[in-house]
Protein chains: 2
Amino acid sequence: MIIKTTIKDVAKKAGVSISTVSRVINGMDRVSKSTTKKVQLAVETLNFYPDHVARAMINKKTQTIGLIVPQLSNEYWALMSEVIQNQLWLNGYTTLISSTDNETDKENAYLKMYIERRVDGIIYCAPSQHLSGDQQQMDMLKRSGVPIVTLDPSVVGISCVTGDHLLGSFNAVEHLIQLGHRNIAYIGGPVVSIEREFGYRKAMMMHRLNLNEALILTVNGQTPKEGYRALQQLLASGEKFDALFCGNDMLAFGAIKALEEANIRVPEDVAVVGYDDIQSASLFKPTLTTVRQPISDIGKELIGLLLQCMDQEVGNRTPRKIVVPTELIVRESSGVGKQDETFFFHEER
Amino acid sequence: MIIKTTIKDVAKKAGVSISTVSRVINGMDRVSKSTTKKVQLAVETLNFYPDHVARAMINKKTQTIGLIVPQLSNEYWALMSEVIQNQLWLNGYTTLISSTDNETDKENAYLKMYIERRVDGIIYCAPSQHLSGDQQQMDMLKRSGVPIVTLDPSVVGISCVTGDHLLGSFNAVEHLIQLGHRNIAYIGGPVVSIEREFGYRKAMMMHRLNLNEALILTVNGQTPKEGYRALQQLLASGEKFDALFCGNDMLAFGAIKALEEANIRVPEDVAVVGYDDIQSASLFKPTLTTVRQPISDIGKELIGLLLQCMDQEVGNRTPRKIVVPTELIVRESSGVGKQDETFFFHEER
DNA sequence: CTGAAAGCGCTAACAG
DNA sequence: CTGTTAGCGCTTTCAG
């Protein structure tokens with residue numbers, strides 16, 4: 001058994017009372033120079049580290065924030081987690097990160113764990129359908145009174161930050177339309193945020209283009225594999241398309257792989273646009289045209305909202321919603337900025 | 001102020017003593033069926049969640065493991081973190097993940113935080129030079145008595161898991177040599193694990209090849225940017241080379257980007273091999289020949305070693321070292337499996 | 001089987 | 001300025 005040095009040991013060593021030691025290590029209270037020195041010496045020689053657990057018990061503050069993301073091994077979420085963690089650290093908080101794999105059971109388990117561990121707040125980044133869908137989960141959260149903010153899904157009574165996905169997707173698809181494409185396919189689904197599909201539909205409709213439901217594919221994951229499979233399926237169906245909009249970059253990578261294996265050139269034969277602008281998007285070949293989400297801004301807004309929520313009493317919290325703008329990053333995969341022929345080719349159809 | 005329901009409230013509601021409630025929620029002790037039911041009812045209606053902080057205080061166990069990685073936004077470390085976290089969760093532990101950006105200050109701060117928070121153990125994944133270099137850090141750790149295991153760096157008296165990087169790199173470079181390359185460059189440096197450079201040197205020496213120090217580049221980071229910059233520098237130097245081995249895949253991506261911008265074809269003009277086999281390696285174009293590290297195995301070994309260490313008294317811990325084999329994954333970037341001409345071209349020089 | 005009581009390590013009044 | 005004391009919410013002897 002490891003014997004930890006406690007405040008008591010320090011007090012004895014320094015020949016003072018424990019409250020004096022407490023005062024010195026917290027630095028807020030007035031203690032004479034000489035005793036301060038004595039205590040500091042004792043602290044160092046005894047290698048004393050104040051027990052955060054005991055402190056948390058008294059302060060009723062753990063200085064811990066729980067973060068829930070769908071998948072830590074996903075570049076987008078990894079970066080988001082890092083940003084949030086760093087920012088929270090600057091505010092004096094430690095972050096507990098959990099990765100749910102989109103499984104409701106895991107979400108519930110982690111949420112319960114956060115409540116039991118008395119985190120000071122929760123940042124919930126999860127696909128919308130889960131959060132609004134699982135009433136039990138919401139109950140647990142609301143009754144616990146833990147301050148919480150969400151990314152993307154809007155839940156009644158909870159502050160949230162969301163990218164302007166409807167507009168972002170709309171712009172992306174409009175970009176393809178302006179390039180002359182008419183048969184545009186979409187890969188997405190609820191896991192990727194349904195608003196992106198709506199943006200796609202809106203753009204198609206506003207431009208009076210035929211909305212072929214066979215070109216709209218739903219996937220259950222966010223990895224290249226799902227994109228690859230979806231494309232194989234689409235190709236097998238025999239439906240014609242000259243452009244593809246993907247709910248996220250990973251799906252786009254997989255889709256492009258499938259296209260190339262079928263000897264379909266990107267962007268010459270099919271133009272592709274992704275979503276998120278993860279780091280790989282600019283490393284991929286062709287470089288990926290995509291909708292950039294300002295991860296750093298999103299992270300900051302989330303934290304701002306959460307800290308604000310934590311300041312308010314549980315009764316009178318005013319939920320706020322912040323919409324963060326997205327940006328279309330045009331690269332090779334949509335056929336612009338590489339060869340102008342591509343552009344003209346499409347215009348002339 | 002949020003009023004949490006405590007064990008006291010439950011006891012009152014159920015009309016029993018707090019110790020009985022404690023017995024019921026812990027389920028270990030013998031309590032009569034009828035009281036058990038009464039208590040459970042009270043727990044549910046009052047929405048009671050046992051306070052993990054108070055429990056930790058008594059048990060002197062936080063059921064928390066601290067994990068330190070260089071960079072969470074790096075695909076390799078993100079995956080490693082996810083694997084470790086999931087595995088630890090299955091063992092009843094929660095993981096605190098920290099990302100150091102290779103800054104000693106941050107490492108120290110996080111380590112201190114872990115000690116103060118009384119984590120039950122630490123998994124330290126960090127570039128070797130830092131760990132063995134910062135004596136102050138090691139002191140803090142050793143005196144605290146916190147069980148710790150490391151990934152890669154060997155420190156006296158601490159268990160560690162390490163990939164067989166010397167052999168892995170050796171094989172990678174030998175692969176290039178067998179392909180007929182003679183002027184092989186290397187990008188790495190201490191941040192990437194010095195053993196990879198040694199593997200490179202060993203292969204060159206064993207094959208009696210000229211070891212041109214100008215072809216060995218040191219970088220300070222692990223992102224594509226560093227690889228890109230290093231290659232630009234190498235190209236500017238005018239040194240001739242026909243192959244390139246990179247300390248990790250990210251560096252390789254950046255390096256290839258730089259090569260292509262200089263109109264040097266990969267693998268036709270320069271063959272490239274990376275290290276790690278992150279997911280992007282097979283998505284990249286050309287697909288990347290690389291040395292695979294079995295992340296899942298490494299994670300499991302780390303946890304096994306840590307749990308073992310946690311079982312032992314602080315005095316008689318026997319440090320163990322586990323070496324995990326790596327595997328060369330041959331893809332397009334080294335010039336095999338694409339066009340045979342490439343292969344012959346090099347053989348005939 | 002169940003209750004009373006003693007703390008875990010620390011902070012925060014409350015007195016000196 | 002400094003010491004004494006009462007808990008925070010829970011587990012765990014120790015007696016019934």
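Quick note on labels: first sequence line is chain A, next is B, and so on, each numbered from 1.
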Check: Got a sec, which residues hit salt bridge (charged side-chain N to carboxylate O under 4.0 Å, His left out) with A/D101, two or more places apart in sequence or on another chain?
Finding: A/K106
Check: Among pairs that include at least one residue of residues 64-73 of chain A, which meet side chain to side chain donor-acceptor pair (under 3.5 Å), considering only residues two or more places apart or in two chains?
Finding: A/T64-B/R117, A/S73-B/E82
Note to self: For a quick check of understanding: with a heavy-atom distance under 4.0 Å over all strands, which category does A/V53 fall into, base, sugar-phosphate or nothing?
What the structure shows: nothing
Check: Just by modelled atom types, is the B/D105 backbone N or O under 3.5 Å from a matching donor or acceptor in the B/N108 side chain?
Finding: no
Notebook entry, point to check: Which nucleotide span of DNA chain C, 5' end to 3' end, has atoms closer than 4.0 Å to non-hydrogen atoms of chain B?
Noted result: C/dC1 to C/dG9
Notebook entry, point to check: Is the closest side-chain heavy-atom distance between B/K13 and B/V10 below 4.5 Å?
Noted result: no
Note to self: Filter on salt bridge (charged side-chain N to carboxylate O under 4.0 Å, His left out), then keep only pairs touching residues 48-57 of chain B, sequence neighbours left out; what's left?
What the structure shows: A/R118-B/D51
Check: Residues from residues 41-49 of chain B sitting under 4.0 Å of DNA chain C, heavy atoms only?
Finding: none
Write out a two-atom table: protein N or O, nucleotide N or O from nucleotides 11-13 of chain D, distance below 3.5 Å.
| from | atom 1 | to | atom 2 | distance (Å) |
| --- | --- | --- | --- | --- |
| D/dT11 | OP1 | B/N26 | OD1 | 3.4 |
| D/dT11 | OP1 | B/N26 | ND2 | 3.1 |
| D/dT11 | OP1 | B/R55 | NE | 2.6 |
| D/dT11 | OP1 | B/R55 | NH2 | 3.3 |
| D/dT11 | OP2 | B/S22 | OG | 2.8 |

Checklist line | Inter- and intrachain pairs under ring pair (Phe, Tyr, Trp, His ring centres under 6.0 Å), touching residues 61-97 of chain B, at least two apart | finding: A/Y110-B/W89
Check: If we fit an axis to the first five pairs and another to the last five of the helix from C/dC1-D/dG16 to C/dG16-D/dC1, what angle do they make, to the nearest 10°?
Finding: 40°
Next item on the list: Can you measure from CD1 (B/I122) to CD1 (B/I115) and round to the nearest 0.5 angstrom?
Entry: 6.0 Å
Note to self: Measuring only between side-chain heavy atoms, which start at C-beta, is B/L306 closer than 4.5 Å to B/I123?
What the structure shows: yes
Notebook entry, point to check: Who pairs with A/S296 by side chain to side chain donor-acceptor pair (under 3.5 Å), at least two apart in sequence or on another chain?
Noted result: none
Checklist line | Partners passing side chain to side chain donor-acceptor pair (under 3.5 Å) against B/Q312 (at least two apart in sequence or in another chain) | finding: B/T318
Notebook entry, point to check: What pairs with B/K112 under salt bridge (charged side-chain N to carboxylate O under 4.0 Å, His left out), at least two apart in sequence or on another chain?
Noted result: B/E116
Checklist line | Those residues that, when tested against A/T62, pass side chain to side chain donor-acceptor pair (under 3.5 Å) (two or more places apart) | finding: A/D120
